[in-house]
Undergrad: 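A single structure is presented below for examination.
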Protein chains: 2
Amino acid sequence: MKRHIYDCQKGCPVESTLQIIAGKWKSVIIYHLMTGTERFNDLQKQMPDCSRRMLALQLHELQADGVIQKKVYPVIPVKTEYSLTDFGQTLRPVITAMETWGNLYNQRATRQAATN
Amino acid sequence: MKRHIYDCQKGCPVESTLQIIAGKWKSVIIYHLMTGTERFNDLQKQMPDCSRRMLALQLHELQADGVIQKKVYPVIPVKTEYSLTDFGQTLRPVITAMETWGNLYNQRATRQAATN
DNA sequence: CAGAATCCTAACAGATACTG
DNA sequence: CAGTATCTGTTAGGATTCTG
């Protein structure tokens with residue numbers, strides 16, 4: 001997704017939020033980092049439908065926007081850890097709302113499947 | 001954006017939510033419908049960066065997912081009204097969280113601009 | 001007014017191979 | 001382990017034109 005497609009100057013708050021979290025996998029990444037630090041490969045295991053390439057791209061953009069930070073340990077083989085910045089932590093309410101709604105949606109889908 | 005890129009079976013609630021609202025303009029549309037019914041052209045005026053074509057596409061998908069409904073008045077020229085369904089109303093907390101965060105973000109951006 | 005249809009290009013994103 | 005590079009097919013999405 002191209003960056004800066006939304007016009008924040010216009011003042012629409014939802015567009016401003018999208019400016020930061022609208023990437024295909026960004027909110028999912030933030031969600032997985034809400035429980036703590038994660039390594040690259042661990043993130044990928046939790047998001048099997050996101051390719052390594054896409055994961056790297058989205059992590060980059062989140063870093064550039066100051067949402068997450070990366071710590072590299074100079075060991076061999078290299079070890080990295082991703083975590084939310086203080087700024088990224090402020091997104092918690094947004095992601096939590098998505099989590100809550102998604103759980104309801106999944107339950108509804110399950111119930112409907114059981115009814116059929 | 002292609003439909004059904006997220007795997008809801010996997011159970012990640014955030015991915016389930018994205019399944020519904022991940023379109024480029026979907027959450028913005030829902031946001032504008034939260035205050036009530038809107039007509040096609042009125043929606044477009046509120047989202048100048050969204051082309052007529054894109055608006056129509058996103059409205060279609062939202063309708064297909066049962067989030068919004070459309071009422072057509074058989075007058076000439078045709079008049080249509082879009083509104084949230086009951087299901088769509090359940091998304092309020094999600095969009096409101098985005099709105100709240102976006103307002104904070106805009107304030108922060110304004111403050112920083114004033115400091116410089 | 002509220003779209004649908006068509007054309008066209010840039011951007012996206014998968015697959016694969018390579019690297020410190 | 002944690003990525004990057006390249007190559008390539010696919011999709012997104014703008015511009016324009018047409019319609020009931």
Undergrad: Whether the His32(B) and Gln46(B) side chains hold a donor-acceptor pair (N or O, under 3.5 Å, no angle test) is what I'd like checked.
TA: yes

Undergrad: Taking N and O atoms by type only, does the side chain of Arg52(B) place a donor or acceptor under 3.5 Å from a partner on the base of dT17(D)?
TA: yes

Undergrad: Cation-pi check, Arg52(B) to Phe40(B): give yes when NZ or CZ is under 6.0 Å from the six-membered ring centre and within 45° of the ring axis, no otherwise.
TA: no

Undergrad: Does dG3(C) have OP1 or OP2 under 4.0 Å away from a side-chain N or O of His60(B)?
TA: no

Undergrad: Determine, stepwise, if the pair Glu81(B) / Lys70(B) fulfils salt bridge (charged side-chain N to carboxylate O under 4.0 Å, His left out).
TA: CA-CA 6 Å; Glu81(B) 283 184 345; Lys70(B) 168 180 167 181; over 6 Å; no

Undergrad: Quick one: is dA13(C) close enough that its OP1 or OP2 comes under 4.0 Å of any side-chain N or O from Ser51(A)?
TA: no

Undergrad: Rounded to the nearest Å, what distance is computed from the CD atom of residue Gln58(B) to the P atom of nucleotide dA2(C)?
TA: 18 Å

Undergrad: Ring centres of Trp25(A) and Tyr6(B) under 6.0 Å apart?
TA: yes

Undergrad: Can you check the Lys24(B) NZ to dA12(D) C1' distance for me, whole Å?
TA: 8 Å

Undergrad: Tell me if a side-chain donor or acceptor on Thr80(A) pairs with a main-chain N or O of Arg39(A) at a distance below 3.5 Å.
TA: no

Undergrad: For residues 71-82 of chain B, which residues have at least one heavy atom under 4.0 Å from DNA chain C?
TA: Pro77(B), Val78(B), Thr80(B), Tyr82(B)

Undergrad: Looking only at side-chain N and O atoms, does Lys70(B) come under 4.0 Å of OP1 or OP2 in dA2(C)?
TA: no

Undergrad: Which residues in residues 39-49 of chain B have at least one heavy atom lying under 4.0 Å from any atom of DNA chain C?
TA: Arg39(B), Phe40(B), Asn41(B)

Undergrad: Think Arg92(B) forms a cation-pi with Tyr31(B), using NZ or CZ under 6.0 Å from the six-ring centre and within 45 degrees of its axis?
TA: no

